[in-house]
Protein chains: 2
Amino acid sequence: MTDTFVSNPSFFKLDATLKRIRNYWQKTFDAHKKDITVDQWLLIENLYKHKKITHNELARVTSKDITTVSRIIELLVKKELVVREGSPQDRRKVFLQLTAKGSEKYKDVRPLVLEMRKTGWAGLTENDYADLTRILDVIYNNIP
Amino acid sequence: MTDTFVSNPSFFKLDATLKRIRNYWQKTFDAHKKDITVDQWLLIENLYKHKKITHNELARVTSKDITTVSRIIELLVKKELVVREGSPQDRRKVFLQLTAKGSEKYKDVRPLVLEMRKTGWAGLTENDYADLTRILDVIYNNIP
DNA sequence: TACTATTAGTTGCTAAAGCAACTATTGCTA
DNA sequence: TAGCAATAGTTGCTTTAGCAACTAATAGTA
């Protein structure tokens with residue numbers, strides 16, 4: 001652990017922790033040749049969960065900018081993991097769905113993710129989880 | 001608060017919270033015409049603290065990639081907030097220092113940052129801070 | 001001393017974040 | 001119904017993240 005890590009305020013600590021997690025996830029994906037990034041995984045996970053959803057909705061549930069979602073989806077479409085399908089009711093809307101290949105990818109990567117979550121959470125309790133959740137929620141909601 | 005925020009695991013929650021903080025900081029900087037990004041601020045803060053430091057060291061204390069530091073410093077040099085100064089002892093090394101303008105920028109922005117930290121932490125206790133610190137440290141160190 | 005390994009830093013690349021400006025469509029209202 | 005506002009999505013731009021490959025310099029070793 002770096003010296004700064006123990007002596008600095010929460011923004012920095014959050015940032016450092018998140019980067020470390022993200023890095024670990026990415027390296028694990030790469031080591032298992034999953035051919036996917038961490039954020040691509042997050043979108044796949046949500047597409048699996050929500051089945052059929054627009055860019056806008058997907059951006060909302062992932063806390064991502066719609067432009068970011070639009071471009072990540074572009075990559076997933078190129079990889080044939082996602083299909084776009086225009087809505088006949090509202091021609092502005094585009095529904096997103098996992099392809100069969102996309103669902104397979106989800107099921108293939110999912111165990112790795114569960115394993116990594118367990119690793120990160122080792123030595124912590126249910127209470128810690130509740131505390132972390134509560135504290136982050138308060139901070140989140142404190143921000144105007 | 002979005003519905004996902006309350007029901008999802010820690011990685012997502014950390015990411016969402018951090019993005020929200022970062023966004024708030026950036027908007028505040030912009031609103032006060034500080035002409036600076038959040039990460040540029042983090043480097044300035046550390047340059048102010050460490051006085052004279054190499055790219056490598058700065059990367060270490062900020063948990064940033066050295067390439068990222070190199071490029072952010074590039075921008076700060078262009079803005080005349082930082083100077084690079086080659087080491088005569090080891091000609092591979094380059095020392096970084098705030099200029100007078102850089103120190104002024106630090107003192108100018110600092111109060112805003114303190115204010116924002118207070119805002120984010122509202123309604124939480126010293127104990128919460130200790131818990132957050134402890135939990136994030138454990139997660140950080142759990143990661144191989 | 002010559003050769004090799006290590007270290008400091010930069011550059012090129014791809015991905016993600018977020019703002020602004022844009023197109024296309026739909027909804028609202030005078 | 002015509003005109004304007006709002007909504008969905010894309011594209012352009014700048015910034016940050018991090019890997020790989022590179023140059024230059026120093027350190028270590030046969």
Side-chain angles (χ1 to χ4, degrees), chain A residues 11-12 15-31 34-44 53-60 62-79 82 84-96, chain B residues 11-12 15-31 34-44 53-60 62-79 82 84-96:
Chain A
F11 175 89
F12 172 75
D15 186 50
T17 307
L18 191 61
K19 268 194 281 210
R20 184 124 167 173
I21 297 173
R22 186 181 292 275
N23 215 267
Y24 170 49
W25 283 38
Q26 190 61 59
K27 278 180 159 58
T28 303
F29 287 168
D30 292 349
K34 297 307 185 191
D35 186 29
I36 205 182
T37 67
V38 174
D39 294 284
Q40 286 167 23
W41 163 255
L42 289 179
L43 291 207
I44 288 173
I53 189 173
T54 63
H55 292 73
N56 230 345
E57 278 296 293
L58 189 53
R60 198 180 60 79
T62 55
S63 280
K64 289 186 182 299
D65 197 276
I66 187 177
T67 62
T68 301
V69 168
S70 184
R71 277 180 264 236
I72 296 178
I73 290 296
E74 189 65 36
L75 296 174
L76 293 176
V77 168
K78 267 185 201 150
K79 289 179 181 174
V82 170
R84 300 193 218 234
E85 182 194 327
S87 163
Q89 282 76 35
D90 184 341
R91 278 158 50 210
R92 291 169 302 182
K93 286 188 184 176
V94 178
F95 288 113
L96 304 169
Chain B
F11 174 89
F12 172 75
D15 187 50
T17 306
L18 190 60
K19 267 194 280 210
R20 184 124 167 174
I21 296 174
R22 187 182 291 277
N23 216 266
Y24 169 49
W25 282 38
Q26 190 62 59
K27 278 180 159 57
T28 304
F29 287 168
D30 292 349
K34 297 306 184 190
D35 186 30
I36 205 182
T37 68
V38 174
D39 294 283
Q40 287 167 20
W41 163 253
L42 290 179
L43 291 207
I44 289 173
I53 189 173
T54 64
H55 291 75
N56 230 347
E57 278 295 294
L58 190 53
R60 197 180 60 79
T62 55
S63 280
K64 288 186 183 298
D65 197 276
I66 186 176
T67 61
T68 302
V69 168
S70 185
R71 278 180 262 236
I72 296 177
I73 289 295
E74 189 64 37
L75 296 174
L76 293 176
V77 168
K78 266 185 203 151
K79 287 179 181 174
V82 170
R84 300 194 219 233
E85 181 195 328
S87 162
Q89 283 76 36
D90 185 341
R91 276 158 49 210
R92 291 170 302 184
K93 286 188 183 174
V94 178
F95 287 114
L96 304 170

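A quick note: this is a predicted structure, and the numbers were derived from the prediction, not measured. Lettering follows sequence order; numbering is per chain, from 1.
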Practice item. Examine the base of D:dT7 for any acceptor or donor lying under 3.5 Å from a partner atom in the side chain of A:Arg92, and report the outcome as yes or no. Key: yes

Point to revise | Residues B:Asn56 and B:Thr54: side-chain donor-acceptor under 3.5 angstrom | key: no

Exercise for review: Give the rounded distance in Å between these two atoms: CZ of A:Arg60 and C1' of D:dT7.
Suggested key: 15 Å

Exercise for review: Taking A:Ser70 for its side chain and A:Ile66 for its backbone only, find out whether a donor-acceptor pair lies under 3.5 Å.
Suggested key: no

Practice item. Compare side-chain N and O positions of A:Thr54 against OP1 and OP2 of D:dA8 and report whether any pair is under 4.0 Å apart. Key: no

Practice item. Figure out the CG/P separation between A:Asn56 and C:dT26, and round it to whole Å. Key: 16 Å

Exercise for review: Figure out the NZ/C1' separation between B:Lys78 and D:dT14, and round it to whole Å.
Suggested key: 11 Å

Study note, to complete from the structure: Minimal heavy-atom distance between B:Val94 and B:Arg84, with the atoms involved, is CG1-CB, 3.6 Å

**Study point:** Between D:dA8 (P) and A:Arg84 (CZ): distance, integer Å
**Key:** 16 Å

Study note, to complete from the structure: Nearest-nucleotide check on DNA chain D, A:Phe95 vs B:Gln40; residue mapping nearer the 5' end is A:Phe95

Practice item. Kindly say if B:Thr37 contacts the phosphate of D:dT16, meaning a side-chain N or O under 4.0 Å from OP1 or OP2. Key: yes

Check your understanding: Counting distance only, does the side-chain N/O of A:Gln26 pair as donor-acceptor with the main-chain N or O of A:Val38 below 3.5 Å?
Key -> yes

Review point. Just by distance, with hydrogens left out, do B:Lys19 and B:Asn23 show a side-chain donor and acceptor under 3.5 Å apart?
Key: no

**Study point:** Gap between atoms CG and C1', on B:Leu96 and C:dG9 respectively (whole Å)
**Key:** 11 Å

Exercise for review: Take atom CH2 of A:Trp25 and atom P of C:dA16, then tell me their distance rounded to the nearest Å.
Suggested key: 14 Å

Practice item. Check every atom of D:dA25, C:dT25, C:dG9 against the side chain of B:Asp90 and return the nucleotide holding the closest atom. Key: D:dA25

Practice item. Starting from P on C:dT11, measure out to CD1 on B:Ile73 and report it in whole angstrom. Key: 14 Å

Check your understanding: Roughly how many Å is it from CG in A:Leu75 to P in C:dA16, rounded to a whole number?
Key -> 6 Å

Check your understanding: What one-letter contact string describes nucleotides 17-23 of chain C from 5' to 3', where B marks a base within less than 4.0 Å of any protein heavy atom, S marks contact via sugar-phosphate atoms alone, and - marks no contact?
Key -> BBBB---

Check your understanding: Hey, is the main chain of A:Asp35 close enough, under 3.5 Å, to the side chain of A:Lys79 for a donor-acceptor pair?
Key -> yes

Practice item. Select from A:Pro88 and B:His55 the residue whose nearest nucleotide in DNA chain C is closer to the 5' end of that strand. Key: B:His55

Review point. Just by modelled atom types, is the B:Val69 backbone N or O under 3.5 Å from a matching donor or acceptor in the B:Glu74 side chain?
Key: no

